[in-house]
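This report concerns only the one structure given below.
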Protein chains: 2
Amino acid sequence: MNQLTENIARIVRLEDHELKALNSVITSREVDKKEFLLRPGQVCKATIFVVKGCLRSYYLKDGEYQILEFAVDNWWIGDLKSFLRQTPSELFVDALEPTQVLRIKYSKLELLYEEIPKLERFFRILMENALVAHQERIMHTHTLSARQRYEMFTAKYPNFYHSIPQKDIANYLGITPEYLSTIRNPNSH
Amino acid sequence: MNQLTENIARIVRLEDHELKALNSVITSREVDKKEFLLRPGQVCKATIFVVKGCLRSYYLKDGEYQILEFAVDNWWIGDLKSFLRQTPSELFVDALEPTQVLRIKYSKLELLYEEIPKLERFFRILMENALVAHQERIMHTHTLSARQRYEMFTAKYPNFYHSIPQKDIANYLGITPEYLSTIRNPNSH
DNA sequence: GGAAGAAATTAAGATACCTTAAGAAATCAA
DNA sequence: TTGATTTCTTAAGGTATCTTAATTTCTTCC
């Protein structure tokens, strides 16, 4: 068992032979800080699970970068659209710190779904939960001020937010680093 | 076959007996304009599929309503979080026009997943696609101006946007109806 | 078909957040 | 450790979008 299969086993019960089949398609990798796992134009061939560390995904629009999401311990990342359709990605994925990841290739996962129907269930539930989180994020951007969104962020990632550069947090929240700085200044309250 | 099973059959091939089992848990219903299918506090007991018409989901924050999404022909709606966890909802779901819907109860769907593994695949894929759409919506709110988001909206719902009140489109886009009005004014270009 | 209500428009003043810029602090590389 | 680079802070002026409010247009419903 590794951290990924443990995560799966928390949702669906896998038989020994299923665990074995699953483990045979998981590859491990250490990612250096600032190293890229995906760049625009490449097809996202594998889905990435973070064992320990922090990755981010972002894209370029009019020369500016925009972060889509962070992935910390026990979460998944990649370019979902590119992965699902095996089409060229529009996202960068890189590491904010030295990070250990596990990966499953698209081609292997497709076969595995046939072999292990419970894996299909796991990913259905994973996608459902991710969708709920995205809906909540959309609600927060519509209903909360920049300051409130920052407070939500620090509450959601209490162990991580100090190791993510402030300008990246600001970018993720959709504000400028200068404005985040004024928000954080206690005199601004 | 109905419009829902046709939609499913486009993604996964169902045997006759599976179709039959599926159809036995689908209930049909006409919804009047302004009629509610869900209110905060209620548990979202069924997932809703729109055959024809238009529903919306929204919530109240500080006395203001905020639309989360619209569902038009061939799309699904509800309070996903409430549905998945069978906990009290925070959302309203109501009809913007007379709408025909099909519904599947949570309790029935849970059983059906055991009986028809292909249904699990269908919903995995449905959730994946919805997640991609939500990611794109988040990217657009961060990268596009209000005017560009409005143009995306009319391009995405060419057959529907004129039947949705402008104030609701504005609300969905996260702007005021007054501002949408000035954006739409050709003199503002 | 007309009255009452709701939605859309227009405009003026207000505000949250942005841009630019410069200095201070932290991090990185050698 | 030190110099170079990146990040963070502070502040002043600017812009997209909001608020309020008044007017017009569109719906609803009896």
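Per chain, numbering begins at 1; letters A, B, ... match sequence-line order.
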Salt-bridge criterion met for B:Lys156 and B:Glu151 (N-O under 4.0 Å):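 No salt bridge links B:Lys156 with B:Glu151.
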Would you call A:Arg29 and A:Glu35 a salt bridge, taking side-chain N to carboxylate O under 4.0 Å as the test? yes
Check whether any side-chain N or O of B:Gln100 sits under 3.5 Å from a backbone N or O of B:Lys52 as a donor-acceptor pair, and report yes or no. no
Looking at the side chain of B:Arg149, which of C:dT9, D:dT7, D:dT17 is the nearest nucleotide?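 Of C:dT9, D:dT7, D:dT17, D:dT17 is nearest to the side chain of B:Arg149.
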Minimum-distance nucleotide (side-chain atoms of B:Gln166 versus C:dA8, D:dC18, C:dT10):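 Among the listed nucleotides, the one closest to the side chain of B:Gln166 is C:dA8.
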Decide if the gap between the ring center of B:Tyr106 and the ring center of B:Phe83 is smaller than 6.0 angstrom. yes
What is the distance, to the nearest angstrom, from the [atom1] atom on [X] to the [atom2] atom on [N]?
X: B:Ile183; N: C:dA11; atom1: CD1; atom2: C1'; result: 16 Å
X: A:Leu144; N: C:dC17; atom1: CG; atom2: P; result: 11 Å
X: A:Lys167; N: D:dT5; atom1: NZ; atom2: P; result: 16 Å
X: B:Tyr179; N: D:dT20; atom1: OH; atom2: P; result: 18 Å
X: A:Arg147; N: C:dT15; atom1: CZ; atom2: P; result: 16 Å

Between B:Lys34 and B:Glu178, which has a closest nucleotide on DNA chain D that is more 5'?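 Its nucleotide being nearer the 5' end, the pick is B:Glu178.
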Of A:Leu180 and B:Ala146, whose closest DNA chain D nucleotide lies nearer the 5' terminus? A:Leu180
So, OP1 or OP2 of D:dT9: does either fall under 4.0 Å of a side-chain N or O from A:Asn185?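 Answer is no, no contact under 4.0 Å.
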